[in-house]
Structures are given as C-alpha cells and as structure tokens.
Amino acid sequence: MFFLLRRLPDGDVELTRYERGASGRLEAAGVDVIPAADLPGRVAALEREASPRWVWDDTPRWYPRLLDAGVTVARCVDLRLVHAILRRSTAAPGFPVGGAAPGPWDVPQAVPGESDGLFEVVPDSLPDPAAEFLAQRDAVEASPTRGRLELLVAAESTGALIAAEMRHRGIPWSPRVHDELLTAALGPRPTPGERPARMRDALDEVRQALEAPDLNPDSPAELIRALNRAGVLVQSTRQWELQRHEHPAIEPLLRYKKMQRLLVANGWAWLDAWVHGGRFRPDYVPGGVVTGRWATSGGGALQLPRAVRGAVVADPGWKLVVADASQLEPRILTGLSGDRSMARAGSGDLYEGIVASGAVATRAEAKVAMLGAMYGATQGESGRLVPRLARRFPDAMALVESAARTGEAGGVVDTLLGRSSPRPSDDPAASGGAGAGALPPEMGVRPADRDARSWGRFTRNFVVQGTAAEWALCWMGALRRRLHERWGAGVPAPHFVFFLHDEVVVHAPAAAADEVAALVAESAVEAGRLLFGDAPVTFPVTVAVVDDYSQAK
DNA sequence: CACTGATGCGCG
DNA sequence: AAAGCGCGCATCAGTG
C-alpha cells in the first residue's frame, strides 16, 4: 500500500493513502492531515500495521528527521530519483507526459537539513507530488519492460533509504588511530602553515638534488622548470612520467608527492572537518553518476585511500563485515551477453578462467584485456590483447561492440533494468567540443570522428557500469531486508556503514558478524537471480570479519 | 578579489 | 608499462 507524504504551507503534513480502484488504477483512498511533530509516531505505527510504501518527493527532505526520531521505514518511492530515471528511459517512452521541458523535478537532490541553531533549514518541497506519483505509476505500468523497470525504481528508492541511514549512523572512525597513521607516514602534526617533518626532509633532498633551494614543489610549472634545468626532461609532473627518469631528485620527489597527497586530502584538517563524535558522515548522492552509480559530496568518501582505512574501527564488542563482489563488471557482461564461454571461465576466479581458456597467458594480461574490452582500449598492451579475448568470447565482445557503435552513431543505450544513457547533445562537455580533450590529437582523424569514438567508449562502458550499479543496489536492498527481518531496526542491530560501488561494510555486534557474513553471500545470489534469472552467471563475494577496514583484503 | 579550467591523484 | 570508463577534491594559473 502506498502512503504519500506532502508538506502543507503551514508546516503540517498531509498523508494520502492510495489503493487500486475498480479500474485497476491507483486512487486516493483517504487523506489525513497531521502536525509535523506527530509524523514519526504515525509512520512507526503504520510500519507495524500496514506494510506501507512511503511516497515522498525527496528522501533527504523526509527521512533524516524520522531517523533522528528513531523511526526507520522498510520501503519508499523517491519521486525525484524515479523521475530522473523515467525522464530518460527508453522503457518509459511516454514520460513525462507531453515531453515537458525540465522543471523543478529535474533538480539535483536537496541538501540534507542543516541545523541552524533552533531551526532546521528545510528546502521547499517539490510541487504536486501526487500528480507526479500517478504519472510515474502510469509510465511504469505501461512500460513494455514493466517488471524490470519496477525493480529498478524500487532498488533506486531503497538505495536512497540506505544512503540516509548510513549518513545517520556514520562510519565508525577513530581520530586517535588516524592521527597515529598520519604521524607514522608524515611525522607529528605540525603547527599550522608548517610542513610535517618527513615532508620537510623529502623536500630538502629534492631542493638539494635540483639545486633549487627555494623550489615550491606544489607548483607543477615551477617543478617542471627546475627538473628541466637539472637535465630531467619531463613535460608533466605525473608519477608515471617521473618514474621513467633516473635522477637523485626523483625518489624523494615521488615520496614528497605521496605525502603531500595524503596530507591535503586526508590529513589532520580533513579529520577536524569531517569526523565528529567518532563518526564520519559523508553525504551520499544516490544516482549522482549518469550510469546510476552513487556519488558523494564532501569528505571524498568514495576515495578513502588505503593509507587511512585503518582508522575505520569497529566499536568495542562490534565487528566490521567487509564484503566485495569479485570481478563484478566482467560478470555483469557475462550475464548481459549470455556468453557461455565466459560463464565457464567465471566459475572460479574469472581472470584465471580466462587464462585457462587459452586466450591469454597470465592473470595480469586477462585483467588488462578485460578492462580494455569494457573501456574500449585501442592502443598499448590493453588494445593489443582485446582481439585475443574477442576470439574466445565473441558474444561478450559483440555486446560491448554493439553498445559502442550505437553511441558512435549518436544513439541511446540501456542498462538491463532500463536506465538509458544521455544523448551526446545532453552532454555539456561535448557541445563545447572538449570531447577527448586531454588526449593528443589522433593524426588524420577529424574532431567529429574523435568525439564520436569517445562517446562510443562512454556508451560501451555505460551498459556494463550501469547494470553493475543495478546489481549492487539489488544486493544492498536484499541484504537490508534480511538484516531487518533478522534483527529489526533496533539500535544494537547490524547496519550498513559504507558502500563503494561493489563493496559494502556492515557494522555488526561481534556475536552476529558470522551470520551477517552469510546473509551478505545469500544476498549476492538473490541479486544475481533478480537480474539474470537462471542464466549461467555467478556473483561470488569475498567477505571478511575484521576489527578495522585495513584488515580486509 | 572571485571565478574557471587544467592538472594531478585518490577510489571503483 | 601506461591509455581506456566513471567520479571528487585540492591546488595552481590564468582571466575577468
């Protein structure tokens, strides 16, 4: 049963129940207006009694306050996220009605309610959620691939719940361990404006070796000039280019750059800004990437370097259950293409299986070739190996080739569940002619062709990356349901604390950790079945029960 | 001074 | 060894 929530101008909340009428269409079947303060209690009561699906404009506008009041919900429809999917989807051709121009429903997510002293700053709600909801339902029910589209909008919405719940709980983070890691890597925390001791040492060596006592190592232009003066003929200061040169300045310079990166991205300032009360609370942005992957804003949560993962420490008496899906994208490609040979290769370690097939000689080659196939590599070792893969796995290769050709011709490609790629004209970078801007111009290739090929690589990857994102949403959704069935939503229950494309971290009471690990694996099987039915493709996960994140893998 | 684009590097 | 997808963020360098 659907319950739609809408905020009224006076601050009260309107709650509308929807049921199927005689025609089979959803109809409003009861309206209630309640004071905002009563909402958490009402939601909790209905959760117990009515198995509701909450319909609201935008999860960050509603759910954080329910969570603050100790209320969790099992299911929702996030109208804004679903709108974004349907607007582009070839599986929902009639949406929005009349092909309306982008409007308020097409804006990015609301900022989560920021507390401003006594008052919470809540952005306006989006207009007429009831009409939007019914239009969306019509579009989904009319879809020629309704089942898949239903799964996608449900999974996307559940993702929004998980994102809000993870932000609410936060990642358990030890400032003490973080400080120890930084001190070991960089030296003790310096006074503001100073460089840590080990960075100063490395910089002294660089300046000496380059005979540049005043060198600012953080200015690429200045660094290139100094290196050139010393006979190191580089055109950039990228690691891999520097590594190719033999000079006493190179080793300390690379060491310095490594430390500088850690300091500015995840140093003490980051710790002060982002970790409070032993928790790191990034702002997750479900659907923030065109392919359907999540993005984050603030704190760089999806780029946590391995060097600081030791600071993610389970609470006393708790464990972290860290799980990642092995070789997810190649397996997604296997399922999408129905490639029997690749399915056989994936019965164990997929890359070893590719070696066993005779396509390539080593596991490393198998990996490079596979990535090259999915990304559209044409040059270098990767580009060389792709044809060898194509001979052994023609069906898989045909699928990505077809997606690439569609994109080159300006067409739209779709994920398995029905997320469609943008058109090249929608892409701000493409209209500016940037395209493959950073690459050197390919001799004799017209810019238009270059842009077309670049877009083909995007659509080639879109189907795989996007379907992998759908698998991951289904995996998380299945696991969340299992956790709630087994433990409810009470405070000492296992809960998600982190998600990273193909990896989840669950914070669990130590006594429950092994059981959680089993549910993680079960959920992966369920996700595979939801997307690919009985097709011969498997999704093994590696699970580790650890005290801190660095102990996994 | 504020803004924008390029650079470089962290993650999958 | 280094070219091939998707991101976010800090910093520098150039422009308005």
Side-chain angles (χ1 to χ4, degrees), chain A residues 216-224 234-244 253-254 257-267 269-270 273-274 282-285 287-309 324-330 332-333 364-365 367-386 400 403-404 407 413 421-422 427-429 432 434 436-440 442 453-469 472 498-504 549 553:
Chain A
N216 172 9
D218 304 324
S219 161
E222 203 181 321
L223 192 52
I224 289 173
V234 291
Q235 292 180 333
S236 77
T237 63
R238 291 187 184 87
Q239 266 179 42
W240 62 263
E241 189 174 355
L242 292 171
Q243 275 163 4
R244 300 162 64 184
L253 177 56
L254 291 173
K257 284 168 71 76
K258 201 96 194 153
M259 290 190 281
Q260 164 75 356
R261 174 74 195 181
L262 179 60
L263 176 70
V264 300
N266 296 96
W270 180 93
W274 293 104
D283 184 15
Y284 298 95
V285 187
V289 179
V290 277
T291 58
R293 276 186 173 184
W294 289 15
T296 58
S297 77
L302 299 188
Q303 304 135 257
L304 285 182
R306 296 187 176 280
V308 301
R309 292 189 180 184
D324 80 88
S326 314
Q327 304 131 7
L328 178 58
E329 293 196 354
I332 291 293
L333 175 55
E365 282 184 343
K367 187 171 181 175
V368 166
M370 196 69 238
L371 291 175
M374 294 186 301
Y375 294 163
T378 56
Q379 298 183 357
E381 187 188 8
S382 187
R384 257 194 2 261
L385 289 170
V386 168
V400 287
V413 297
S421 67
D427 182 52
L439 297 174
E442 297 152 54
R453 283 183 204 174
S454 169
W455 196 259
R457 287 194 299 273
F458 165 64
T459 53
R460 169 194 295 263
N461 187 248
F462 181 94
V463 294
V464 178
Q465 186 182 120
T467 306
F498 193 49
F499 169 55
L500 187 57
H501 308 317
D502 60 358
E503 182 172 344
V504 300
Y549 194 13
K553 172 164 74 165

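Below, read A as the first sequence line, B as the second, and so on, with proteins coming before strands; counting in each chain starts at 1. Computation of the quantities below employed the complete heavy-atom set of this structure, encompassing side-chain atoms and omitting hydrogens, waters and symmetry-equivalent molecules. Worth saying up front: this structure is predicted, and the values here are computed from it rather than measured.
In terms of phosphate contacts, A:K257 brings no side-chain nitrogen or oxygen within less than 4.0 Å of OP1 or OP2 of B:dG8. OP1 or OP2 of C:dG4 has not a single side-chain nitrogen or oxygen of A:R384 nearer than 4.0 Å. Phosphate contact (OP1/OP2 of B:dG10, side-chain N/O of A:Q239, threshold under 4.0 Å): present. Considering only side-chain N and O atoms, A:R244 lies under 4.0 angstrom from the phosphate OP1 or OP2 of C:dA2. Considering only side-chain N and O atoms, A:K258 lies under 4.0 angstrom from the phosphate OP1 or OP2 of B:dG10. When the side-chain nitrogen and oxygen atoms of A:S219 are compared with OP1 and OP2 of C:dA13, one or more of them lie within a distance under 4.0 Å.
Side chain A:R261 to base B:dC9: a donor-acceptor pair is found below 3.5 Å.
When heavy atoms are screened at a 4.0 angstrom cut-off, A:V290 is found touching the sugar-phosphate backbone but no base atom. Backbone-only engagement by A:G298 is indicated by non-hydrogen atom pairs under 4.0 Å involving sugar-phosphate atoms exclusively. When heavy atoms are screened at a 4.0 angstrom cut-off, A:L304 is found touching the sugar-phosphate backbone but no base atom.
Rounding to the nearest 0.5 angstrom, the gap separating the CZ atom in A:F458 from the OG1 atom in A:T291 is 7.5 Å. The structure places CD of A:Q465 at 10.0 Å from CE of A:M374, a figure rounded to the nearest 0.5 Å.
Among the nucleotides C:dA2, C:dG8, C:dC12, the one closest to any side-chain atom of A:A295 is C:dG8. Taking the side chain of A:R309 as heavy atoms from C-beta on, and the options B:dG12, C:dC7, C:dA1, the nearest nucleotide is B:dG12. The side chain of A:V289 approaches C:dG6 more closely than any other nucleotide in the set B:dG8, C:dG6, B:dG12.
Taking atom P on both C:dG4 and B:dG12, the two are 22 Å apart, rounded to the nearest angstrom.
Considering only heavy atoms from C-beta on, A:K367 stays 4.5 Å or farther from A:M370 through its side chain.
C:dG4 is unpaired under the criterion used here, namely a Watson-Crick or G-U wobble arrangement in which both key atom distances are under 3.5 Å.
The aromatic rings of A:Y549 and A:F498 sit perpendicular, their planes meeting at an angle over 60°, well past the 30° parallel limit.
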